[in-house]
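Please read these numbers as outputs of a predicted model, since none were measured by experiment. In listed order, ligands and their atoms are each counted from 1.
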Amino acid sequence: MIERWNPARVHELAGRLPISDGAAVDEAVRRTGAAQRSWAALPPERRVEVLRLAAGVLEGSPHLPELLARETGKPLADCGGEIRFAATYLRWVADQAPRALADQEVDDAAGRLLLRRRPFGVVAAITPWNAPIILTMLKVGPALAAGNTVVVKPSPLAPLAITEVLERFPDDLVRTVNGHAGTGQALAGHPGVFRVAFTGGDAAAREIGATAARMLTSTVMELGGNDPAIILDDADLSDEAMDRLVMASFATSGQVCMAAKRLYVPRAMSDDFIAAYVAAARRTIVLGDPLDEGTTVGPVISAEAAARLDGLAGASLAAGGEAIELGTVRVDMSAGHFVRPSLLLGLPDDAPLVAREQFGPLVPVLVYDSEEEALARANAGELGLAASVWSADEDRAFRIARRLDAGFTFVNTHNRTGMALRAPFGGVRRSGHGREYGVEGILEYAQTCAVHAPAPFRAGGEGLAAGAYPPG
Ligand code: NAD
């Protein structure tokens with residue numbers, strides 16, 4: 001049994017769910033596999049109707065935000081926002097997918113060529129806890145639209161709301177298996193699965209990738225980032241801009257793949273910047289119980305996460321540096337896994353908090369002397385999920401953005417406020433492969449297959465010498 005305790009109130013049970021064993025995984029793959037061919041035979045226009053119905057379910061379940069808040073520790077308003085955004089995304093896929101997935105046919109002097117988008121079959125979706133509704137819909141929506149069926153394995157740290165949502169999808173198009181790494185492994189390595197879509201950390205990604213590779217199953221991987229935010233010397237330090245920058249790092253207590261995780265600031269501006277940042281944090285960060293009105297930052301997900309962050313801060317400050325506590329606290333921090341949001345100053349580039357993804361509310365400010373230096377330091381390391389450039393001169397920001405090793409670069413914003421449904425999102429380097437959002441995010445779930453009648457062999461054609469290459 002999975003028991004999920006509220007991370008903000010450690011003695012409150014948010015809910016429990018049975019663990020799916022190997023036989024349950026097998027059954028889920030078998031049932032979705034049996035339904036897949038007839039599902040794929042429907043035209044995309046019919047298939048996307050399921051996504052519109054699912055969007056209605058998300059919006060028509062008023063208790064869902066609170067359930068999500070109790071299991072994740074995210075503020076209630078954020079949970080409502082995530083659910084509404086997921087519904088918006090499903091409708092967007094429903095609008096876009098029929099055109100994106102349509103057959104393309106040419107019939108000309110070279111012959112007749114049909115390009116058809118064929119689904120993979122059964123897709124396994126293995127998802128994290130930090131935004132379980134949207135991160136699951138980013139896989140389920142396009143996969144179903146393209147004619148696949150899906151088995152989802154949610155994170156055991158936030159399985160409750162998403163399992164409830166998935167139960168409202170037509171049975172056998174989508175099935176849910178709950179559990180820990182073992183359940184994920186059984187699913188990723190199942191011979192009936194032909195694509196694995198994973199979002200999560202690098203350790204799990206390596207094991208899932210290895211398991212999928214043994215079956216020659218292809219993968220899409222959305223992994224972690226250590227996103228730099230480069231503040232240029234002409235950046236707007238107004239209250240409104242600074243509030244946006246603060247929440248780019250501290251929304252969901254910093255536990256977001258695309259949070260601003262390292263802030264690069266020009267030396268001459270650093271005192272003004274830090275003063276403006278601390279003032280913005282006083283306005284925007286209210287550490288509290290996720291169900292209390294006014295809370296903008298909740299606890300971290302678990303006792304292990306809190307201990308890891310504590311260790312990271314200790315190890316990073318060992319060689320010098322200073323922590324500034326941010327915002328206001330409106331909760332007894334011992335009631336849950338609360339970590340005080342902090343800015344860290346004066347850390348060297350090899351401090352663990354700078355060199356690695358912290359995935360929590362501790363954010364380093366790093367001072368630079370030239371744009372070239374800022375770029376080189378921002379591009380250091382092996383990750384490349386997102387980044388941002390902050391400047392009053394948009395062209396200048398875009399010039400710098402072109403040189404960043406990032407799958408997505410925001411200009412004058414960062415994190416979810418900068419997302420667009422039409423803009424593909426995903427990592428470069430070791431932040432993953434494949435894309436979500438955008439038309440690219442739909443096409444991840446179909447393979448282009450060709451049917452070709454070469455002109456020389458069509459009725460009236462002139463033929464080609466046996467074994468010869470075609471002219472073009
Ligand atoms: P995680 O990797 O621990 O878990 C993700 C999922 O994988 C869960 O369902 C988990 O049960 C499963 N899992 C874990 N180990 C497994 C194994 N060995 N075999 C099979 N399944 C296994 O990640 P998390 O703690 O839930 O999320 C945090 C990480 O996810 C961070 O690194 C974050 O940056 C990343 N993330 C990335 C994106 C993105 O879009 N790029 C979005 C959100 C989170």
Side-chain angles (χ1 to χ4, degrees), residues 2 4 7 17 19-20 22 25 71-74 82 89 124-139 151-160 162-163 176-190 193 196-214 217 219-227 251-261 300-302 304-305 308-309 356-360 382-387 406-408 415-416 419 423-438 441 444:
I2 294 171
R4 186 58 195 143
L17 276 170
I19 289 182
S20 309
V25 171
E71 61 179 334
T72 59
K74 296 202 294 185
E82 179 189 337
Y89 175 70
I126 303 178
T127 53
W129 56 267
N130 61 342
I133 307 289
I134 179 65
L135 294 174
T136 303
M137 292 309 143
L138 285 168
K139 300 166 180 56
V151 180
V152 180
K153 209 261 339 139
S155 166
L157 295 172
L160 304 172
I162 187 62
T163 298
T176 311
V177 291
N178 270 298
H180 302 271
T183 309
Q185 284 291 319
L187 182 60
H190 197 288
V193 166
V196 175
F198 172 73
T199 300
D202 66 320
R206 286 172 206 274
E207 292 190 17
I208 290 169
T211 300
R214 274 194 289 277
T217 301
T219 59
V220 184
M221 295 216 163
E222 295 289 346
L223 311 180
N226 192 12
D227 291 14
T252 314
S253 298
Q255 305 166 111
V256 181
C257 57
M258 57 170 162
K261 291 173 181 154
V300 296
I301 190 70
S302 62
E304 293 73 33
R308 182 183 58 78
L309 287 158
R356 285 193 236 143
E357 179 187 36
Q358 70 276 56
F359 213 62
E382 295 194 318
L383 300 179
L385 190 61
F408 202 119
N415 206 338
R416 61 191 183 217
M419 299 297 288
F425 181 88
V428 299
R429 311 190 84 202
R430 295 199 206 289
S431 285
H433 51 260
R435 292 291 179 264
E436 292 189 322
Y437 295 98
E444 288 291 352

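Heavy atoms from both the backbone and the side chain of Lys153 come within less than 4.0 Å of ligand 1. Heavy atoms of Leu385 found under 4.0 angstrom from ligand 1 belong exclusively to the side chain.
Within the 4.0 angstrom cut-off, atom 9 (O) of ligand 1 has one or more protein heavy-atom neighbours. Contact annotation for atom 4 (O) of ligand 1: protein absent (non-hydrogen atoms, distance under 4.0 Å).
A heavy-atom distance below 4.5 Å is not found between the side chains of Thr176 and Val151. A heavy-atom distance below 4.5 Å is not found between the side chains of Phe425 and Arg435. Taking the side chain as every heavy atom from C-beta outward, Trp129 and Ile301 approach each other to under 4.5 Å. Using a 4.5 Å heavy-atom cutoff, the side chains of Arg4 and Thr72 are not in contact. Between Phe198 and Leu223 the shortest side-chain heavy-atom distance falls below 4.5 Å. Between Glu444 and Lys139, every side-chain heavy-atom pair lies at or beyond the 4.5 Å cut-off.
At least one N or O atom of Leu223, backbone or side chain, sits closer than 3.5 Å to an N or O atom of ligand 1. Looking at ligand 1, you won't find any N or O of Asn130 less than 3.5 Å from one of its N or O atoms. Geometrically, ligand 1 and Thr127 share a nitrogen or oxygen pair separated by less than 3.5 Å. For ligand 1, none of its N or O atoms has an N or O atom of Thr199 under 3.5 Å away. For ligand 1, one of its N or O atoms has an N or O atom of Gln185 under 3.5 Å away.
With hydrogens left out, the protein atom closest to atom 23 (O) of ligand 1 is Gly201 N, 3.5 Å, a heavy atom. The nearest heavy-atom contact from the protein to atom 33 (C) of ligand 1 is Phe359 CE1, 3.3 Å. Of the protein's heavy atoms, Ala181 CB, 3.5 Å lies nearest to atom 17 (C) of ligand 1. Counting only heavy atoms of the protein, atom 27 (O) of ligand 1 lies nearest to Pro128 CB, 3.5 Å. In this structure, the protein non-hydrogen atom closest to atom 21 (N) of ligand 1 is Ile208 CD1, 3.4 Å. Protein heavy atom in closest approach to atom 12 (C) of ligand 1: Ile126 CG2, 3.8 Å. The nearest protein atom to atom 18 (N) of ligand 1, hydrogens excluded, is given as Glu207 OE1, 2.8 Å; this is a heavy-atom distance. Protein heavy atom nearest atom 42 (C) of ligand 1, with residue, atom name and distance: Cys257 SG, 3.1 Å.
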Original post:
What's the verdict on side chain to side chain donor-acceptor pair (under 3.5 Å) for Thr219 and His433, showing C-alpha distance, side-chain angles and the deciding distance?
Top reply: CA-CA 8 Å; Thr219 59; His433 51 260; 2.9 Å; yes
Subject >> Evaluation steps, side chain to side chain donor-acceptor pair (under 3.5 Å), between Asn178 and Thr163 >> reply: CA-CA 8 Å; Asn178 270 298; Thr163 298; 3.1 Å; yes
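By heavy-atom distance, the residue among Phe408, Trp129, Phe198 lying nearest atom 7 (O) of ligand 1 is Phe198. Closest to atom 14 (C) of ligand 1 by heavy atom, among Ala131, Gly432, Gly189, Ala204, is Ala204. Among Ser431, Ala259, Gly200, the residue whose heavy atom lies nearest to atom 30 (O) of ligand 1 is Gly200.
With a 6.0 Å radius and a threshold of 12 heavy atoms from other residues, nucleotides or ligands, Arg308 has its CZ atom above the threshold. Heavy-atom contacts from other residues, nucleotides or ligands closer than 6.0 Å to CZ of Arg429 number more than 12.
Annotation: the span from Cys257 atom SG to Asp227 atom CG amounts to 7.5 Å, rounded to 0.5 Å. Separation of atoms CG (Leu157) and CD1 (Ile2) is listed at 9.0 Å; rounding is to 0.5 Å. To the nearest 0.5 angstrom, Thr211 atom OG1 is 4.5 Å from Arg214 atom CZ. To the nearest 0.5 angstrom, Met258 atom CE is 10.0 Å from Glu222 atom CD.
The shortest separation from a heavy atom of Pro154 to ligand 1 is under 4.0 Å, placing the residue in contact. Under a 4.0 angstrom heavy-atom cut-off, Ala188 registers as lying outside contact with ligand 1.
Interface atoms of ligand 1 facing Gly184, defined by a heavy-atom separation under 4.0 Å, are 20 (C), 21 (N). Every atom of ligand 1 is numbered from 1 in the order shown, and the set under 4.0 Å from a heavy atom of Pro156 is 11 (O). Close approach of ligand 1 to Gly224 (heavy-atom distance below 4.0 Å) involves ligand atoms 32 (O), 34 (O). Atoms of ligand 1 lying under 4.0 Å from any heavy atom of Leu135, numbered from 1 in the order shown and given with element: 42 (C), 43 (C).
Across all their heavy atoms, Lys74 and Thr252 have their closest contact at CD-CG2, 3.4 Å.
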